[in-house]
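Residue numbers count from 1 along this sequence. Model, not experiment: these values are computed from the prediction.
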Amino acid sequence: MQEIISDTPLENAVAQRTAALFQESQDSIHKRADHLFANLMVVQWLAGIAAALWISPKTWIGASSQTHLHVWAAIFLGGAITSFSRFPRLETTGTLA
């Protein structure tokens with residue numbers, strides 16, 4: 001960010017207040033974006049589970065059936081990926097990683 005050089009104390013105070021308001025607004029935007037993407041990770045995980053259940057919920061071997069491997073992978077592997085990317089972002093929202 002560029003530093004504003006002013007001649008009078010009033011201009012200096014206005015410039016400082018403007019910079020503070022800008023920084024506060026920018027921090028708020030970054031925090032909201034972090035929360036949005038953290039929530040989007042959970043929605044994508046649930047959508048992956050739904051897709052696995054809809055596309056291939058069961059595998060058949062002769063007359064017996066069992067839950068398809070893709071369903072278990074969507075639940076557990078997707079959950080692990082989501083938790084490793086979601087939870088650290090909630091603790092450090094708005095900061096540069």
Side-chain angles (χ1 to χ4, degrees):
M1 185 164 65
Q2 294 178 353
E3 188 173 326
I4 300 172
I5 300 173
S6 59
D7 296 332
T8 66
L10 180 60
E11 289 177 356
N12 191 20
V14 169
Q16 288 178 352
R17 178 68 176 147
T18 302
L21 288 174
F22 175 76
Q23 188 64 42
E24 183 180 312
S25 174
Q26 194 173 26
D27 289 344
S28 173
I29 291 170
H30 290 169
K31 287 179 183 179
R32 281 195 329 246
D34 284 347
H35 281 287
L36 174 72
F37 284 110
N39 291 333
L40 181 61
M41 285 297 295
V42 173
V43 170
Q44 288 177 340
W45 174 47
L46 295 174
I49 293 171
L53 287 171
W54 182 62
I55 293 171
S56 59
K58 293 199 177 277
T59 184
W60 291 88
I61 300 172
S64 65
S65 71
Q66 61 185 13
T67 304
H68 199 278
L69 178 64
H70 291 105
V71 176
W72 296 117
I75 293 170
F76 294 111
L77 187 60
I81 292 169
T82 299
S83 66
F84 286 131
S85 63
R86 177 174 167 38
F87 296 120
R89 290 305 317 152
L90 290 179
E91 293 174 6
T92 61
T93 55
T95 61
L96 294 175

May I ask whether [X] and [Y] are part of the same hydrophobic cluster, defined by side-chain heavy atoms of I, L, V, M, F, W, Y residues being less than 4.5 angstrom apart, directly or through others?
| X | Y | value |
| --- | --- | --- |
| Val71 | Leu46 | yes |
| Leu69 | Ile81 | no |
| Ile49 | Phe76 | yes |

Which distance, rounded to the nearest 0.5 Å, do you find between the [atom1] of [X] and the [atom2] of [Y]?
| X | Y | atom1 | atom2 | value |
| --- | --- | --- | --- | --- |
| Gln23 | Leu21 | CD | CG | 11.0 Å |
| His68 | Ser56 | NE2 | OG | 4.5 Å |
| Leu36 | Met41 | CG | CE | 12.5 Å |

Does any N or O in the side chain of Trp45 come within less than 3.5 Å of the main-chain N or O of Ile75, such that one atom is a donor and the other an acceptor? yes
Heavy-atom closest contact (Ala74 atom, Ala52 atom, distance): CB-CB, 4.0 Å
Test item: Gln44 and Leu40 side chains (from C-beta on) under 4.5 Å apart, heavy atoms: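 Side chain of Gln44 against side chain of Leu40, heavy atoms only: contact under 4.5 Å found.
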Could you check whether any side-chain heavy atom of Thr18 comes within less than 4.5 Å of a side-chain heavy atom of Val14, counting everything from C-beta outward?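 Counting from C-beta outward, Thr18 and Val14 do come under 4.5 Å.
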